[in-house]
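Numbers restart at 1 for each chain; the letters A, B, ... are given by sequence-line order, proteins then strands. Keep in mind that what you see is a predicted model, and the values were worked out from it rather than measured.
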Protein chains: 2
Amino acid sequence: MSASQIDAVALDGAGPLYDQIRRAIRDLILNGAWPPGTVVPPEHALMERLGASRMTVHRALGQLAREGLITRRRRSGTIVASPPASHAMLDILSIPEEVRGLGHEYSYRILARRDGRAQRPVVALFELGRAVEVVHLTVLHFADGVPHVLEERVIHLATVLAAGQEQFAAMPPGDWLLQNSLWSQAEHAISAVAAEIDQAQLLAIGEGEPCLLVERRTWNQREPVTAVRLLYPGGRHRFIGRFGPYGKV
Amino acid sequence: MSASQIDAVALDGAGPLYDQIRRAIRDLILNGAWPPGTVVPPEHALMERLGASRMTVHRALGQLAREGLITRRRRSGTIVASPPASHAMLDILSIPEEVRGLGHEYSYRILARRDGRAQRPVVALFELGRAVEVVHLTVLHFADGVPHVLEERVIHLATVLAAGQEQFAAMPPGDWLLQNSLWSQAEHAISAVAAEIDQAQLLAIGEGEPCLLVERRTWNQREPVTAVRLLYPGGRHRFIGRFGPYGKV
DNA sequence: CAGTGGTCTAGACCACATC
DNA sequence: ATGTGGTCTAGACCACTGG
């Protein structure tokens with residue numbers, strides 16, 4: 001906790017005080033100004049800085065903790081949390097974890113890589129804007145040596161500059177992005193499609209067999225980060241989620 | 001608000017006071033003791049009844065409001081909310097609404113109904129227990145007269161007694177259940193399958209065409225309520241959800 | 001106008017984990 | 001032992017809205 005860190009907390013005067021505090025700190029985290037592990041000022045320091053009572057500061061921090069942006073422990077204080085690796089319903093964010101969680105050995109192979117301006121089909125597919133600089137990857141993931149899922153990914157270079165130099169030799173691009181980029185929003189779509197001939201060959205299934213197609217696009221503060229299409233051979237895969245009528249359970 | 005209603009709020013002495021209050025009221029709602037529309041006692045009444053400060057009562061009620069179980073308005077007070085008709089990701093709870101939302105005219109037809117003890121395949125399929133009394137329905141839903149989704153549903157009679165007398169003439173069973181049963185938990189699974197010959201005929205697609213299979217099972221307080229398999233012709237359907245790394249946005 | 005919830009304060013006590 | 005967060009109280013003022 002440096003002086004500059006607590007000075008960075010600035011209110012905007014809009015809405016309830018506790019919510020101004022919450023948003024101020026949330027923005028510092030999402031902007032990357034307070035990366036994971038950063039020590040958040042203790043409640044009494046924020047009280048002084050902001051002229052708020054402790055209950056009000058506590059309410060703001062408690063909400064951020066419930067949202068998972070920070071973790072709080074007595075005595076040791078509050079730190080910015082690492083974004084959770086997986087989430088709820090469909091967040092197969094890490095394919096290696098998914099495969100190992102199923103009890104299989106994981107491996108992957110980069111089938112193709114093309115850097116440069118996005119081609120027309122990619123632009124349409126991912127709605128990332130016309131002719132922006134991207135890294136375009138095709139990756140095949142294996143479970144016990146058997147094709148598990150076919151990944152086609154576009155990484156927006158302006159947002160994730162380091163991707164241009166990365167070879168993705170140590171880990172597949174999805175995992176690398178988790179460690180080397182920030183995201184604040186994602187959109188998923190799931191559909192069922194028939195495997196096209198080239199996809200079927202790669203996945204070692206028959207042409208036309210049903211596959212689950214998971215498309216995910218992520219942004220950080222309006223800036224596109226990456227878009228990915230994951231093609232899972234049908235039948236072998238299910239996505240499961242549990243809910244209550246009023247929300248997650 | 002009758003006296004019996006406020007007397008029904010009982011704490012269990014476990015954990016923080018605000019959480020005891022929250023759980024006490026939540027349970028009354030989920031049990032059906034306080035059905036949707038019930039007037040929840042105002043904060044000052046709960047203060048007196050429970051011997052808690054207003055801030056503590058307010059914290060409990062505020063949390064229930066954020067969870068969507070109650071709605072609160074100044075002056076007019078707090079009432080038990082109606083369970084939301086749709087939810088987050090995959091909750092196509094109402095197929096009529098889904099179809100109309102897409103701009104099509106909705107219709108449906110009950111293809112088959114079989115009441116009585118669950119047959120073996122149904123028992124295995126829905127894991128509802130062996131040889132329990134159920135209503136077993138097959139329903140085809142149409143959008144503009146075109147087959148939209150094929151529904152196979154089992155309703156657990158012990159939990160939803162009225163289903164035995166219901167003809168589902170006014171609305172399909174999913175919508176009827178929303179109005180005539182309570183549920184506290186649901187589980188979804190999504191997968192891609194090839195249409196079998198009889199399914200393909202009903203849906204007016206080719207045999208083997210990819211379909212999105214959505215399976216949902218719901219319970220109320222551990223008791224099974226219903227289980228359903230929805231088969232959507234592939235390609236034509238996508239399920240979309242938006243998230244942030246720390247939760248829904 | 002009066003009753004309701006929404007917010008905020010000042011202060012207190014406690015639980016917990018590290019020092 | 002001390003600093004941190006977790007809870008709770010008593011009281012206050014305000015905003016909204018139905019009678």
Side-chain angles (χ1 to χ4, degrees), chain A residues 1-3 5-6 9 11-26 29 34 36-81, chain B residues 1-3 5-6 9 11-26 29 34 36-81:
Chain A
M1 242 313 300
S2 69
Q5 273 175 26
I6 192 165
V9 184
L11 307 183
D12 59 9
L17 184 53
Y18 73 85
D19 206 53
Q20 295 181 47
I21 300 173
R22 182 186 67 83
R23 283 182 284 109
I25 295 175
R26 181 203 62 187
I29 294 172
W34 289 5
T38 302
V39 174
V40 176
E43 295 183 350
H44 67 81
L46 289 166
M47 285 175 62
E48 279 190 23
R49 155 94 180 134
L50 302 169
S53 79
R54 197 181 142 222
M55 275 294 285
T56 302
V57 170
H58 182 74
R59 184 170 176 177
L61 294 177
Q63 195 164 332
L64 289 170
R66 277 192 303 277
E67 292 167 6
L69 275 90
I70 59 178
T71 62
R72 319 195 70 195
R73 280 192 1 234
R74 286 166 170 152
R75 170 70 188 179
S76 46
T78 300
I79 60 170
V80 176
Chain B
M1 243 312 299
S2 70
Q5 272 176 29
I6 193 165
V9 183
L11 307 183
D12 60 9
L17 183 54
Y18 72 86
D19 206 54
Q20 295 180 48
I21 300 172
R22 183 186 66 83
R23 283 183 284 110
I25 295 175
R26 182 202 61 187
I29 295 173
W34 289 6
T38 302
V39 174
V40 176
E43 296 182 350
H44 69 80
L46 289 165
M47 285 175 63
E48 278 189 25
R49 154 92 180 136
L50 302 169
S53 78
R54 199 184 139 219
M55 274 294 285
T56 303
V57 170
H58 181 75
R59 185 169 175 179
L61 293 178
Q63 196 164 334
L64 290 171
R66 277 192 303 277
E67 293 168 5
L69 275 89
I70 58 177
T71 62
R72 320 194 70 195
R73 277 190 8 232
R74 286 165 170 153
R75 170 70 187 177
S76 47
T78 300
I79 60 170
V80 176

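Minimum atom distance to the side chain of A:Pro42 is reached by D:dG5, of the listed D:dC8, D:dG5, C:dT9. Of all nucleotides listed (D:dG18, C:dC8, D:dC8), D:dG18 comes nearest to the side chain of B:Arg73. Of the candidate nucleotides C:dT7, D:dC8, D:dT7, C:dT7 has the atom nearest to the side chain of B:Met55. Closest contact between the side chain of A:His58 and the listed nucleotides D:dG18, D:dT7, C:dG6 involves D:dT7.
You'll find a donor-acceptor pair under 3.5 Å spanning the side chain of B:Arg75 and the base of C:dA2, going by distance alone. For A:Arg54 against D:dG6, a side-chain-to-base donor-acceptor contact under 3.5 Å is present.
In this structure, B:Leu50 places its CG atom 15 Å from C1' of D:dT9, rounding to the nearest Å. Following rounding to the nearest Å, B:Arg72 (CZ) and C:dT4 (P) show an atom-to-atom distance of 11 Å. Look at CD on A:Glu48: it is 16 Å from C1' on C:dT9, rounded to the nearest Å. Going from atom CD of B:Glu43 over to atom P of D:dT9 covers 13 Å, rounded to whole Å. The separation between B:Leu17 atom CG and D:dA10 atom P is 12 Å, rounded to whole Å. Atom P of nucleotide C:dG5 and atom CD1 of B:Ile25 are separated by 11 Å, given to the nearest angstrom. Between B:Leu64 atom CG and C:dG6 atom C1' the separation is 16 Å, expressed in whole Å. Computed from coordinates, the A:Tyr18 OH to C:dG6 C1' distance equals 8 Å when rounded to whole Å.
Of the two residues near DNA chain C, A:Pro16 and A:Arg74, the one whose nearest nucleotide lies more 5' is A:Pro16.
In terms of phosphate contacts, B:Thr78 brings no side-chain nitrogen or oxygen within less than 4.0 Å of OP1 or OP2 of C:dT4. OP1 or OP2 of D:dT7 has at least one side-chain nitrogen or oxygen of B:Arg59 nearer than 4.0 Å. Look at B:His44 and you'll find a side-chain N or O under 4.0 angstrom from OP1 or OP2 of C:dT4. OP1 and OP2 of D:dG5 both lie 4.0 Å or more from every side-chain N or O belonging to A:Ser76.
Rounding to the nearest 0.5 Å gives a distance of 12.5 Å between CG of A:Leu46 and NE2 of A:His58.
At distances below 3.5 Å, at least one donor-acceptor pair connects side-chain atoms of A:Arg49 with backbone N or O atoms of A:Val9.
Classification of B:Arg26 and B:Glu67 as a salt-bridged pair fails, no side-chain N sitting under 4.0 Å from a carboxylate O.
If you check every strand for non-hydrogen atoms under 4.0 Å, B:Gly15 touches nothing.
Of all non-hydrogen atoms in A:Ala81 and A:Gly68, the two that sit nearest each other are CB-O, 3.4 Å.
A:Gln20 pairs in a side chain to side chain contact (heavy atoms under 4.5 Å, CB included) with only one of the listed residues (A:Leu50, A:Asp12, A:Ile25), which is A:Asp12.
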